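Below is one structure, written out as C-alpha cells; comments come after it.
These numbers were taken from a predicted model, which means no experiment stands behind them.
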Amino acid sequence: MTANSSEPPSRTEATTRADDSPLVSVQNLEKYFFENDSLLDRLLGSDPVAVRAVDGVSFDVYRGETLGLVGESGCGKSTTGETLLRLQEPTGGRVEFDGRNIYDLGRSKLNAFRRDAQVVFQDPFSSLDPRMTVGSIVTQPLEIHDVGTKADREDRARDLLERVGLSADQLDRYPHEFSGGQRQRIGIARALALEPEFLVLDEPTSALDVSVQAQVLNLLDDLQDEFDLTYLLISHDLSVIRHVCDRVAVMYLGELAEVGPVETLFEDPKHPYTRALLESVPRASTDERDRDRETLSGDVPSPRDPPSGCRFRTRCPQVIPPADVEDELEQSTYRQIMNLRERIEAREITLEEVGVEGSGRSENDAGEATLAVGEDGLDESEIPAFVETMKDRLLADELPAGHDEIVTDALAELARRNWDGAADRLREEYESVCERVDPALEESGDARESGYRRRHPVACHLYGVGADPTSETQIPSPSSNADAE
Amino acid sequence: MSDEELLRIEGLCTRFFTENGQVNAVENLDLTIDEGEVMGIVGESGSGKSVTALSLIDLVESPGRITDGRIWFRAPDIADELIESGADDEVTDGDFVDLRKLSEEQRRSLRGSRFSTIFQDPMSSFNPSITVGEQIAEAVEVQRRARANPRSLDAKAQRYGLGDYVLSTVLPSKKYVTGASRDRAVELLELVGIPDPVERADEYPHEYSGGMLQRAMIAQALAGEPEVLVADEPTTALDVTIQAQILDLLSKLQAETGMTILLITHNLGVIARMCDRVGVMYAGEIVERGTLEDVFDHPVHPYTRGLLGSVPDLEGAGGRLQPIPGNVPSLLDHEMPDRCYFADRCPKAMDECLEHPPAFDVEGSEYHTTKCYLATTEYTEEKALPDGYFDEAGRAADVGEEPSETETGIGTGTDSETETETEADSVQSDGGEPR
Ligand SMILES: Nc1ncnc2c1ncn2[C@@H]1O[C@H](COP(=O)(O)OP(=O)(O)OP(=O)(O)O)[C@@H](O)[C@H]1O
Ligand code: SF4
Ligand code: SF4
Ligand SMILES: [Mg+2]
C-alpha cells in the first residue's frame with residue numbers, strides 16, 4: 001500500500017527500499033475439490049468430479065508490497081488465499097514463506113508460520129464470535145500461542161484497539177455493539193495481535209459502505225507503513241485494487257491471466273480478459289454515459305469442466321482463428337460459429353421439436369409446421385428446411401459462401417442426429433490455437449529485461465511465444481504445456 | 001425524457017414499528033419522476049432506498065407502514081374511471097391519481113401492468129420447481145387476466161376476451177395456460193438476450209447462471225409491459241462483466257419501450273452510466289437531487305461530496321481517500337434529533353444546522369435541490385459548531401489519521417444523549433415536516 005498525502009507516490013521508493021527475495025513464493029499451486037467423493041458415492045461407483053478451483057497458479061509477493069489478486073466470483077481468489085496460508089491443504093504445488101515450503105514445516109516451524117501470516121476476512125459480521133468480548137477476541141491469538149501474561153495481553157489489546165481507531169475502553173463490549181466498519185477494525189486488530197509480517201486481506205471492505213471502506217483502506221495503509229507489513233489483497237473491486245496495490249495478479253477460472261505493476265496493468269492491460277474487466281467497470285463520472293465500451297458476452301464456465309486451452313476462450317473477443325479463416329471472417333462471425341460448435345459439443349440443442357417458423361412451437365399454434373428429429377434423424381427431404389431454421393436461430397450473421405457450405409454440412413449432420421460428425425466438421429475448419437494450447441504465463445516482450453517488480457507476464461497467445469498466428473503449427477501439443485506437469 | 005411528470009411523491013413517510021422503537025426508514029420524501037427517464041436513487045446501506053421502492057409499489061410489510069404522504073401517478077384513463085364513479089379531488093385531479101387513495105384491489109391491479117419490479121436476488125423471485133418459461137408465461141397470463149377483468153381499472157389493452165377470463169379463473173392453471181402465453185414467454189426471453197430461448201424456457205431456475213436469471217427476471221417484469229420499472233440493486237450481486245451486460249440490456253429496453261426506470265443502487269458508477277437524474281439518500285431523506293451533472297459535478301451537500309470523495313478512482317491511484325467519518329445513523333425515531341441528520345458527521349456543521357433543513361433550490365439548475373443550509377449560506381468559522389459538539393469523534397477529519405478517536409454510534413458523551421431526547425420530542429410533535 002502506498003500513496004500517502006505527506007509523501008505522494010512512494011511506490012518507487014518502496015520498490016528500492018525493500019529486500020529482493022520474495023516473502024511469499026507461490027509455485028504451481030493447485031487446489032481441487034472433489035464432489036461425489038463420499039463413501040456412499042464410492043460404493044455406488046460414481047466418479048468423483050474435480051472442481052478445479054486453483055489450477056496451477058504461480059506468483060511472488062515481495063516484502064513490503066501489496067499484491068492484489070483480482071477476479072470475478074468463483075475464480076479461485078479466496079481458495080488461493082486460504083491455501084497459501086495453509087488453512088486448506090493444496091492438491092499440488094508449493095508455497096514458500098521466507099524460503100521454506102510451508103507444507104513441509106514441522107510443528108514448531110508451522111507454529112511460527114501461523115504467527116507470521118494472518119488473515120482478515122470479508123464478512124465483519126460472521127467472522128467475530130458474538131459471544132466473546134472484543135478484548136477476548138483480540139487476545140485469543142495471543143492465548144493460543146501462549147504469549148505474555150493475562151495483563152500483558154490485555155495491555156496489548158488496548159494498544160491494538162487504539163491503533164485501529166477504536167477506543168481502549170471498548171474492550172468489554174460485544175461485536176453486535178459495533179458497526180460494520182468498526183467490526184472490520186476489530187478483525188484487523190486481532191490479525192495484528194501476533195505481530196505478523198504478512199496479511200492476507202480477503203475482500204476486507206466488500207461488506208462495507210463506500211465511506212466506511214475509505215476509512216478502513218486508509219487504516220490498512222497506515223498500518224502497513226507502521227509495522228512493515230506485506231499484504232496480499234484479494235478483491236473483486238478494481239478501484240480498490242488500483243488504489244491500494246503495488247502489483248496486481250488477474251485471475252480467471254483458477255488460473256492467472258496477467259501479472260504486472262499496478263499502473264502498467266491499468267494503463268496498458270494486455271490480456272483480453274483484463275481489458276474487458278477494466279472496461280466493464282462503470283466510472284463514477286458524468287462522462288460515463290458516453291464512454292464506449294465493449295461488454296463481454298456469455299458467462300464464466302464452470303470450474304468442474306473448464307474449457308480446454310485458454311480458459312477465457314469461450315468469451316474472448318480476440319480468440320485467434322486459424323490463419324486461413326482469419327482473413328475471411330469477422331471476429332464476431334467467427335465467435336458465432338465457435339459458440340455453435342460448443343453447443344453441439346455439449347449437445348445443448350433441442351432436436352425433438354424444431355419450429356420451422358420463428359420461435360413458437362406450441363401445439364395450439366395451428367398452421368405452424370414443426371420438425372422433430374427422431375432417433376434415426378430427419379428424412380433427407382426435410383434437411384434443407386431444418387438447416388435454414390437452425391441457421392436463422394443460431395447465427396446472427398450471413399456467412400460468406402465457402403463458410404456457409406461448411407456450416408450447412410455440419411447442420412445437416414445434426415439433422416441426422418450425428419452430433420459428433422457435426423462437431424468434427426466444424427472443428428476441422430475452425431479450431432483455434434486458443435483451444436488447443438493453454439497459454440503459459442510468460443513475459444510479454446518488452447519488459448523481459450526489467451527488474452522483478454516490473455515484470456509483466458501474460459497468459460495469452462497474442463503475446464510471447466505464440467504471438468505469431470502463422471507459427472501456430474509449431475506450438476507444442478497440449479500435453480507438453482507447463483500446467484500439465 | 002419527455003419532461004412530463006409521471007410520478008410525484010410528496011411527503012412520503014414510511015415507518016417500521018419494531019421492538020426497539022419506531023424506525024423512520026423514509027422521512028418526508030419528495031421526488032418527481034418524468035416519463036421515460038431513468039431516475040436514480042443512491043445512498044449507503046440502511047438509508048431507506050429499498051423501503052422507498054417498496055412504498056412506491058405498495059409492498060411495505062408489517063411492522064412497516066406508510067404513515068403519510070401522497071404518491072401521484074399520471075394515468076388519465078384511471079382518473080376518468082374514478083371520476084365517473086364519484087371520486088373527489090383528494091383521489092384524482094383528472095390526470096394524476098393518488099395511489100394511496102385507491103383500494104387495495106385497485107392497487108394490486110396496477111402491479112405488473114403499470115409498475116414492475118426487479119430485485120437484487122433473482123433466485124427469490126422464481127419458484128425453483130417450475131421451469132423459467134412457465135413462470136414467465138404465468139406472469140403473461142396474470143396480466144392478460146387482469147386486463148380482461150371487467151372490474152379492473154386497467155383497460156390499457158383488452159386483448160384478452162371476457163370468455164377467456166372466466167375460463168382461466170375457473171380452470172386450474174395448467175402448464176402454459178395458452179400457447180400464446182408460452183410464445184410470449186419465449187419472445188420475452190429472447191428480448192432480454194437469453195441465447196436459445198426456446199430451449200432455455202424449459203429449464204429450471206437452478207440451471208441458469210446468475211446473469212441469465214437476472215435477465216429472466218427482467219423478462220418476467222416486462223410481461224405486463226409496465227410503464228415504470230423499479231429496479232432495486234439489479235446488478236449488485238453480479239460480477240462486473242455481467243453487470244455491464246445487464247446495464248446495457250436495461251438501457252436497450254428503456255430506449256425501445258420508452259419505459260420509465262427508477263434505479264436504486266449504492267454504486268455511483270452505475271448511477272453515472274444509467275441515470276438522467278439522481279437523488280442522494282441519507283437517513284431516510286433525499287438530501288440532494290438534480291440532474292446527473294448537478295449532483296456529480298456541482299454537489300452542494302457535504303454528504304454528496306463525501307460520497308463522491310470516498311470512491312477510489314479507477315483511472316488514477318490518486319492520494320489518500322477522503323472518508324466520511326462516523327457511521328450511518330440508526331433511524332430510530334428517538335435517536336433522530338430535529339437537526340440536520342448529517343450534522344454529526346459533517347465537516348461544515350454550523351449553528352443553523354441544529355434546526356432541520358428544508359429543501360432549498362440550488363442556483364444554476366432547474367432540478368437541483370438540497371436539504372442543506374450551504375445552498376443559501378456561506379460556511380464561516382465563526383458559525384461552526386465547536387469541535388466535538390456531538391461527541392468526541394463525530395467530526396474528526398479523518399479517522400485513519402487520528403486512530404485514537406472513537407467513531408459515532410458508541411459515543412458516550414452525556415450532552416449528546418440529552419440533546420437527542422429533547423429534540424426527538426419535537427420531531428414527533430411536528431411530524432417531521434420541513435420548516
Ligand atoms: N422489515 C423491517 N423491519 C424493521 N426495520 C426495517 C425493515 N425493513 C427495513 N427496515 C429499516 O429501514 C431502514 C431503511 O432500510 P432500507 O432497506 O430501505 O435501506 P437501503 O437503503 O435499501 O439499504 P441497502 O443498501 O442495505 O439495501 C433501515 O434502518 C432498516 O433497518
Ligand atoms: S489465448 Fe486466445 S482466447 Fe485466450 S485470451 Fe489470448 S486470444 Fe483470447
Ligand atoms: S445542513 Fe449543515 S450539517 Fe447538514 S449537511 Fe448542510 S452544512 Fe452540514
Ligand atoms: Mg436495499
Side-chain angles (χ1 to χ4, degrees), chain A residues 2-5 8-9 72-73 162-167 170 177-179 181-182 209-215 217-219 221-222 236 238-240 242-243 262-263 266 276-278 280-286 288-289 293 295-297 299-300 348-350 355 359-365, chain B residues 44-45 176 178-180 182-183 186-187 190 196-199 209 211-212 239-245 247-248 266-273 292-293 296-297 306-308 310-315 317-325 327-328 398-401 403-407 409-410:
Chain A
T2 53
N4 197 317
S5 49
E72 297 178 284
S73 62
E162 302 227 319
R163 282 304 311 127
V164 300
L166 298 170
S167 96
Q170 292 168 341
E177 297 175 66
F178 293 84
S179 70
Q182 291 170 322
D209 278 319
V210 26
S211 70
V212 179
Q213 160 174 296
Q215 298 170 5
L217 292 179
N218 284 349
L219 170 68
D221 188 10
D222 295 340
H236 69 280
L238 287 143
S239 324
V240 168
R242 165 110 221 208
H243 193 82
V262 70
E263 318 85 47
F266 276 76
L277 206 55
L278 288 172
S280 301
V281 183
R283 278 69 164 160
S285 109
T286 42
E288 171 61 17
R289 255 181 309 181
R293 56 152 163 69
T295 54
L296 279 185
S297 58
D299 290 298
V300 183
E348 258 180 17
I349 299 172
T350 305
S359 51
R361 62 172 177 86
S362 82
E363 325 67 283
N364 302 29
D365 272 37
Chain B
E44 294 181 281
S45 194
Y176 296 133
T178 65
R182 151 83 199 196
D183 284 353
V186 171
E187 254 172 57
E190 188 159 26
D196 324 310
V198 182
E199 286 89 23
S209 67
M212 287 224 296
D239 279 323
V240 45
T241 60
I242 309 295
Q243 163 169 287
Q245 293 174 5
L247 294 182
D248 282 357
H266 68 282
N267 185 324
L268 289 158
V270 169
I271 292 279
R273 178 100 210 155
L292 189 71
E293 288 72 21
F296 276 58
D297 294 343
L307 208 54
L308 289 163
S310 314
V311 186
D313 187 359
L314 187 74
E315 318 270 64
R320 210 172 159 80
L321 295 171
Q322 299 298 318
I324 305 172
N327 291 295
V328 177
D398 180 338
V399 180
E401 269 166 12
S404 62
E405 306 250 30
T406 52
E407 284 177 61
I410 320 192

Task: side chain to side chain contact (heavy atoms under 4.5 Å, CB included) assessment of B:R320 paired with A:N218 - done: CA-CA 7 Å; B:R320 210 172 159 80; A:N218 284 349; 3.4 Å; yes
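Nearest approach of A:H243 to B:L321, heavy atoms of both residues: NE2-CG, 3.5 Å. When all heavy atoms are compared, the tightest approach of A:E72 to B:I242 is OE2-N, 4.4 Å. Across all non-hydrogen atoms, the minimal contact from A:R289 to B:A272 is CG-O, 3.4 Å. The shortest non-hydrogen separation linking A:S211 to B:P323 is O-CB, 3.4 Å. Residues B:L314 and A:R242 approach most closely at O-CD, 3.2 Å, considering heavy atoms. For the residue pair B:L268 and A:A284, the shortest heavy atom distance occurs at CB-CB, 3.7 Å.
Side-chain contact between A:V210 and B:H266: absent, with no pair of heavy atoms (C-beta onward) separated by less than 4.5 Å.
The distance from the CG atom of B:L247 to the CD atom of A:E288 is 9.0 Å, given to the nearest 0.5 Å.
For chain A, no part of B:I271 is nearby; none of its heavy atoms comes within less than 4.5 Å. Both the backbone and the side chain of B:Q245 come within contact range of chain A, judged by heavy atoms closer than 4.5 Å. Residue contact with chain B, scored on non-hydrogen atoms closer than 4.5 Å, involves the backbone of A:S285 exclusively. Contacts of A:S239 with chain B are made by both backbone and side-chain atoms, with heavy-atom separations under 4.5 Å.
Ranking A:T295, A:V240, A:L238, A:T286 against chain B, the residue ahead of the rest is A:T286, based on heavy-atom pairs under 4.5 Å. Taking B:L307, B:V270, B:D248 one by one and counting their heavy-atom pairs under 4.5 Å with chain A, the maximum is reached by B:D248.
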